[in-house]
Trainee: 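The following block contains the structure, expressed as structure tokens.
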Amino acid sequence: MAKMNIENVVASTSLGQELDLKAIENALEGADYNPQQFPGLVYRIKEPKTATLLFRSGKVVCTGAKSLGDVKIAISKVAKDLEKANIKISIEPKIEVQNIVASSDLEQEINLNTVAITLGLEKVEYEPEQFPGLVYRLDEPKVVVLLFGSGKMVCTGAKVPEDVVRAVDKIAAELRAASLMS
Amino acid sequence: RLRKWQRRIRVSNATERNLAFALSELDRMASAMGLPRNVRETAAMIYRKAVNKNLIRGRSIEGVVAASLYAACRQCGVPRTLDEVAGSSRVGRKEIGRTYRFMTRELKLKLMPTKPQDYVQRFCSELKLSGEVQSKAAEILKDASEKELTSGRGPTGVAAAAIYISSIICNERRTQREVADVAGVTEVTIRNRYKELTEKLGIDIVL
DNA sequence: GCTTTAAAAAGTAACCT
DNA sequence: AGGTTACTTTCAAAAGC
């Protein structure tokens, strides 16, 4: 019933050692470093298609992965590339998922104006002038869901896939309870 | 003790000075936007409430004034878009929007989402269209709403298309460009909304 | 608050033919 | 009139302004 698709996973970790970003930029293809603009070096790899941010402190942020498994694969590849380019990584990176973005579908058209007025106390924001989606903030799980007139949704802020499922189920239940959806 | 009094006087002066500045800025913007007195008074009331709740901390007076005006227009049923408000302010659209969200939250202002119908009178007046066109547009918008043709679409764009269609039906035709300029949307948007409304509401327009 | 990254949703906008 | 690209919204981490 709840077709949920993970679209993006953001995770962080640390290589446990300081990095010479200038040297890495020159050694790796696909590495961009503009300290004037941003303190992190951007390293893109094609498989899994991701963009990893490397910081002088050794802290790492991986974005773009389509699954939790891809995050591990991507970070392992980045570490391997760094070693090939002379930098030896001594520790096994402990990965922390920071955010999961997923899409889902209620498979029914929704009247956003009615939803905003009916459930519009503290958790709903709907400004069609600015953005077509209704912003729905949940406390438990602590995520934000964008609900569109088509019934399609985007859930962000989740730490684990289960948060997305719970959020979608919770919203569907609330809409049904208010007869805003069958 | 004398010090204490002097400080109170200083604070009092600063508070009064800021309030005076805010109200003059509010009046300047309201005049530039051609807003009626009731909207100005509502905005001033909202601004005073914001001051009383210390919502100005970390924000500019001009930003809070602009957001107060934006909120007042909506509360009075004669909304202006954030772009229109920003056009008369030194503060950008993005910040006015943020301040507006913050204020509605803190002051518990429960404003309804803006609807296309809220713009019909103003746009028709600027286009010098008759009450007949306004009524026709209102009729179209009512049907559009019932058939879920307004969810997620920009209210001004839907209103513009309904007015464009009505102007043709009532033989008071305005071009897409004329309506687009008044509504602050592009001709492409009017064309898209026009196509959807005529097709899904079964309106036949013979050009 | 900003800067940078990625990604989806649906609408609107900008630019080019 | 189309078509393509791009921006709007949401989220989190990183280091530093």
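This one's a predicted model, so the numbers in the text were calculated from it and none came from an experiment. So you know, we letter chains A, B, ... as the sequences are listed, proteins then strands, and number each from 1. What you see below is based on every heavy atom in this structure, not just the backbone, and it leaves out hydrogens, waters and symmetry mates.
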Trainee: Which residues end up grouped with A:Val135 if you chain together Ile, Leu, Val, Met, Phe, Trp and Tyr wherever their side-chain heavy atoms are less than 4.5 Å apart?
Mentor: A:Val101, A:Phe131, A:Val144, A:Leu146, A:Phe148, A:Val154
Trainee: Please give the distance between the P atoms of D:dT8 and C:dC2 as a whole number of Å.
Mentor: 12 Å
Trainee: Just distance, no hydrogens or angles: give the donor-acceptor pairs under 3.5 Å from side chains in residues 52-63 of chain A, sequence neighbours left out.
Mentor:
from    : atom 1 : to      : atom 2 : distance (Å)
A:Ser57 : OG     : A:Lys59 : N      : 3.2
A:Thr63 : OG1    : A:Ala51 : O      : 3.1

Trainee: Run the salt-bridge test on A:Glu7 and A:Lys66 with the 4.0 Å N-O cut-off and return the result as yes or no.
Mentor: yes
Trainee: Side-chain heavy atoms nearer than 4.5 Å, only ILVMFWY residues, links allowed to pass through others: does that put A:Tyr33 and A:Phe38 together?
Mentor: no
Trainee: Going by the side-chain hydrogen bond (donor to acceptor under 3.5 Å, both in side chains) test, which pairs reach into residues 119-141 of chain B, not counting sequence neighbours?
Mentor: A:Glu129-B:Tyr119, B:Glu84-B:Arg122, B:Ser130-B:Glu172, B:Lys136-B:Glu139
Trainee: Under the ring pair (Phe, Tyr, Trp, His ring centres under 6.0 Å) rule, collect the residues that match up with A:Tyr136, sequence neighbours excluded.
Mentor: none
Trainee: Check each residue of residues 79-86 of chain B for a non-hydrogen atom within less than 4.0 Å of any atom in DNA chain C, then write out the ones that pass by number, or none.
Mentor: none
Trainee: Taking atom P in both C:dA6 and D:dT4, compute the distance separating them and give it to the nearest angstrom.
Mentor: 22 Å
Trainee: Drop me the distance from B:Leu2's CG to B:Arg7's CZ, to the nearest 0.5 angstrom.
Mentor: 12.5 Å
Trainee: Contact class for A:Gly133 vs. all strands (heavy atom < 4.0 Å): base, sugar-phosphate, or nothing?
Mentor: nothing
Trainee: Can you tell me how far the CD atom of B:Gln75 sits from the CG atom of B:Asn38, to the nearest 0.5 Å?
Mentor: 10.5 Å
Trainee: Let's see if you get this right: which residues in residues 185-203 of chain B place a heavy atom under 4.0 Å from DNA chain C?
Mentor: B:Val185, B:Thr186, B:Thr189, B:Arg193
Trainee: Sequence neighbours left out, what passes ring pair (Phe, Tyr, Trp, His ring centres under 6.0 Å) with B:Phe102? Give chain and number order.
Mentor: none
Trainee: Could you list who else is in B:Ile9's hydrophobic cluster, with ILVMFWY side chains joined at under 4.5 Å, directly or through other members?
Mentor: none
Trainee: What is the 5' to 3' range of DNA chain C, first to last nucleotide, that sits under 4.0 Å from any heavy atom of chain B?
Mentor: C:dG1 to C:dA14
Trainee: Under 3.5 Å, which N/O atoms of the protein pair with N/O atoms of nucleotides 9-16 of chain D?
Mentor:
from   : atom 1 : to       : atom 2 : distance (Å)
D:dT10 : OP1    : B:Arg101 : NH1    : 2.6
D:dC11 : OP1    : A:Arg137 : NH1    : 2.6
D:dC11 : O4'    : A:Thr156 : OG1    : 3.1
D:dC11 : O2     : A:Asn99  : ND2    : 2.3
D:dC11 : O2     : A:Thr156 : OG1    : 3.1
D:dA15 : OP1    : A:Ser57  : OG     : 2.7
D:dG16 : OP1    : A:Arg56  : NH2    : 2.5

Trainee: According to ring pair (Phe, Tyr, Trp, His ring centres under 6.0 Å), who are the partners of B:Tyr70, at least two apart in sequence or on a separate chain?
Mentor: B:Tyr100
Trainee: Is any NZ, NE, NH1 or NH2 atom of the basic residue among A:Arg166 and A:Asp169 found under 4.0 Å from an Asp or Glu carboxylate oxygen of the other?
Mentor: no
Trainee: Heavy atoms only, 4.0 Å cut-off, all strands: where does A:Thr50 land among base, sugar-phosphate and nothing?
Mentor: nothing
Trainee: Indicate, with a heavy-atom threshold strictly under 4.0 Å, whether B:Gly97 touches base, sugar-phosphate, or nothing.
Mentor: nothing
Trainee: Any pair with a residue in residues 190-201 of chain B that passes side-chain hydrogen bond (donor to acceptor under 3.5 Å, both in side chains), sequence neighbours left out, goes on the list, sorted by first then second residue, please.
Mentor: B:Arg153-B:Glu196, B:Gln176-B:Arg191, B:Arg193-B:Glu196
